[in-house]
Amino acid sequence: MCNNPTNKFRLGKLLLSSMLLMTLVAAGGRASAQHVRDTMAVIRDFNDIMAFAVQPYVYYSSTTSMMTGPMRNGRDSVIRLHGKFYKVGDDMYYGTEAEELFVQDSLMIRIDHERKAITVQRIDMATKKDLDLLPLKGADRQRLLRGRYLISELPEGGDTGVIVIRTQASRLGIQVQGAEMRVEFRKGSHLPLLMQVTVHIRQDGSEQVREALKGEGYNVERMQGNFNGMPCLVMEHTAAVRFDNISMDREQAQQMPLWTAKLVYDRATGEWTGAGDCAGYTVTKLF
């Protein structure tokens with residue numbers, strides 16, 4: 001996928017999902033550990049930041065940016081989506097212009113507006129575990145972060161803090177040149193302002209790939225890299241979520257959109273059909 005320029009934004013969506021599920025914390029393997037005293041306070045801050053997502057009632061709006069580059073004329077290619085997130089107990093909703101996700105009534109319903117497609121599946125214990133944004137206890141997360149990543153807090157001024165988590169080189173995949181997560185937050189409340197994942201991907205440096213990338217508008221001259229003494233091309237992919245209006249107010253969270261406005265279930269026939277602005281969408285039942 002990475003060698004096909006036409007798929008450049010699919011990786012961006014994967015990066016965004018990885019960020020929300022904290023893939024940087026869940027990867028396997030072990031690297032050289034940082035000293036406990038160097039990381040414990042930072043990990044406590046990180047845990048406090050992520051705790052907002054597991055409160056009983058949550059609402060926030062967001063702006064998601066997916067970027068890839070470098071492009072010619074210094075203008076990297078960007079996709080921006082505006083989203084809203086609601087959580088009431090175990091029920092959740094997240095929606096943007098491109099897609100929506102409902103986790104309600106023991107169902108997970110995904111709506112892809114670009115493909116005009118809806119998938120419906122039941123929620124079981126395994127699925128709930130996958131949806132948990134903080135599946136590990138604090139002590140387990142501390143061991144993972146100290147043992148597998150370089151984690152630090154930048155000395156920013158004012159009321160804003162910045163935590164940076166970098167994957168160590170020995171834990172990177174064969175195509176990944178580097179990976180970093182950056183979390184900006186308010187020091188007083190520990191509420192997140194920005195979460196950003198940046199991954200540098202190695203590309204085949206063949207003339208065929210170079211010409212294909214040039215045709216997509218990439219600045220191939222700025223992509224020159226080296227891997228094990230061999231020349232290669234390096235592409236940068238970034239997925240970022242900027243948070244606004246975070247609230248734990250019950251009344252606001254209960255304004256969550258319901259799947260019944262997008263999908264109708266006929267008990268007599270067992271059929272599912274799109275409704276409202278999703279009328280005519282293809283519906284796939286996965287149970």
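To the nearest 0.5 Å, the span separating CZ on Arg242 from OG on Ser65 amounts to 8.5 Å. Once rounded to the nearest 0.5 Å, the distance linking CG of Leu286 with CD1 of Ile109 reads 11.0 Å. Here the SG-CD1 distance, from Cys232 to Ile201, works out to 11.0 Å after rounding to the nearest 0.5 Å. Here Leu193 contributes atom CG and Asp159 contributes atom CG; the two are 8.0 Å apart, rounded to the nearest 0.5 Å. Here Thr96 contributes atom OG1 and Phe85 contributes atom CZ; the two are 14.0 Å apart, rounded to the nearest 0.5 Å. With rounding to the nearest 0.5 Å, the separation of CH2 in Trp259 from CG in Leu101 is 14.0 Å.
Side chains of Gln104 and Met256 form a contact here, defined as non-hydrogen atoms less than 4.5 Å apart. A heavy-atom distance below 4.5 Å is not found between the side chains of Glu100 and Lys84. Within the 4.5 Å cutoff, the side chain of Ile246 has no heavy atoms near those of the Asp244 side chain. Using a 4.5 Å heavy-atom cutoff, the side chains of Ile49 and Met195 are in contact. Annotation: side chain of Thr160 is not in contact with side chain of Lys187 (no heavy-atom distance under 4.5 Å). Side-chain contact between Thr273 and Leu263 is absent, with no heavy-atom pair separated by less than 4.5 Å. The side-chain heavy atoms of Tyr60 and Leu191, taken from C-beta on, include no pair separated by under 4.5 Å. Two residues are said to be in side-chain contact when any heavy atoms from C-beta on lie closer than 4.5 Å; Met223 and Pro70 meet this criterion.
Residues Val58 and Tyr86 are members of separate hydrophobic clusters, defined by side-chain heavy-atom contacts under 4.5 angstrom among Ile, Leu, Val, Met, Phe, Trp and Tyr. Both Val209 and Met235 belong to a common hydrophobic cluster when Ile, Leu, Val, Met, Phe, Trp and Tyr are linked at side-chain heavy-atom distances under 4.5 angstrom. Residues Leu213 and Met71 share a hydrophobic cluster, clusters being chains of Ile/Leu/Val/Met/Phe/Trp/Tyr side chains in contact below 4.5 Å. In this structure, Met108 is not a member of the same hydrophobic cluster as Tyr93, with clusters built from ILVMFWY side-chain heavy atoms closer than 4.5 Å. With hydrophobic clusters built from ILVMFWY side chains whose heavy atoms lie under 4.5 angstrom apart, Val241 shares a cluster with Met92.
With sequence neighbours excluded, no residue forms a salt bridge (charged side-chain N to carboxylate O under 4.0 Å, His left out) with Glu153. For Gln224, there are no side-chain hydrogen bond (donor to acceptor under 3.5 Å, both in side chains) partners, not counting sequence neighbours. Residues passing the side-chain hydrogen bond (donor to acceptor under 3.5 Å, both in side chains) test with Asp45, sequence neighbours excluded: His190. Every residue two or more places apart in sequence or in another chain that forms a ring pair (Phe, Tyr, Trp, His ring centres under 6.0 Å) with His113 is listed here: Tyr281. Residues passing the side-chain hydrogen bond (donor to acceptor under 3.5 Å, both in side chains) test with Asp249: none are found, sequence neighbours excluded. Shown here are the salt bridge (charged side-chain N to carboxylate O under 4.0 Å, His left out) partners of Glu211, two or more places apart in sequence or in another chain: Lys214. Partners of Thr260 under the side-chain hydrogen bond (donor to acceptor under 3.5 Å, both in side chains) rule, at least two apart in sequence or in another chain, do not exist in this structure. Tyr57 pairs by the ring pair (Phe, Tyr, Trp, His ring centres under 6.0 Å) definition with nothing, not counting sequence neighbours.
Gln252 contributes no side-chain N or O that, together with a main-chain N or O of Met248, makes up a donor-acceptor pair within less than 3.5 Å. Asp105 places no side-chain N or O within 3.5 Å of a backbone atom of Leu107 that could act as its donor or acceptor partner. A distance-only check finds a donor-acceptor pair linking the side chain of Lys87 to the backbone of Gln55 [under 3.5 Å].
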Can you list the steps and then say if Phe46 with Val183 is a side chain to side chain contact (heavy atoms under 4.5 Å, CB included)?
CA-CA 8 Å; Phe46 180 78; Val183 180; 4.3 Å; yes
Let's go through Ile111 and Glu99 carefully: what are the C-alpha distance in whole Å and the side-chain angles of both, what is the deciding distance for side chain to side chain contact (heavy atoms under 4.5 Å, CB included) to 0.1 Å, and is it a yes or a no?
CA-CA 5 Å; Ile111 302 176; Glu99 56 189 355; over 6 Å; no
Kindly indicate, with the supporting measurements, whether the criterion side chain to side chain contact (heavy atoms under 4.5 Å, CB included) is fulfilled by Val164 and Glu180.
CA-CA 7 Å; Val164 177; Glu180 175 183 294; 3.7 Å; yes
Assess the residue pair Val162 and Phe185 against the criterion (side chain to side chain contact (heavy atoms under 4.5 Å, CB included)); give the C-alpha distance rounded to whole Å, side-chain angles, the decisive distance to 0.1 Å, and a yes or no.
CA-CA 6 Å; Val162 177; Phe185 65 99; 5.8 Å; no
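Counting side-chain heavy-atom gaps under 4.5 Å among Ile, Leu, Val, Met, Phe, Trp and Tyr, Leu258 is found in no cluster with other residues. Connectivity analysis of hydrophobic side chains (ILVMFWY, heavy atoms under 4.5 Å, direct or indirect) links Leu194 to nothing; its cluster partners are none. Counting Ile, Leu, Val, Met, Phe, Trp and Tyr side chains that sit under 4.5 Å apart, directly or through other members, Val264 stands alone, with no cluster partners.
Ionic pairing of Glu184 and Arg182 is present here: one or more N-O contacts between side-chain nitrogen and carboxylate oxygen are shorter than 4.0 angstrom.
The aromatic rings of Phe287 and Trp272 sit perpendicular, their planes meeting at an angle over 60°, well past the 30° parallel limit. Between Phe243 and Phe52, the two ring planes are perpendicular [angle over 60°; tilted spans 30° to 60°].
Nearest heavy-atom pair, Asn245 versus Ser61, reported as atom, atom and distance to 0.1 Å: ND2-OG, 3.0 Å. The two atoms that bring Gly205 and Leu233 nearest to each other are CA-CG, 4.0 Å, heavy atoms only. Residue Val199 comes nearest to Ala179 through the heavy atom pair CG2-CB, 4.2 Å, listed as atom of the first residue, atom of the second, then distance.
Atom CD of Gln208 is surrounded by 12 or fewer heavy atoms from other residues, nucleotides or ligands within 6.0 Å. The environment of Arg210 atom CZ is dense: over 12 non-hydrogen atoms of other residues, nucleotides or ligands sit within 6.0 angstrom.
Side-chain atoms of Thr198 and Thr238 form a donor-acceptor pair, as typed in the model, at a separation below 3.5 Å.
Applying the salt bridge (Lys or Arg N to Asp or Glu O under 4.0 Å) rule to pairs touching residues 275-287 yields Lys262-Asp277, sequence neighbours excluded.
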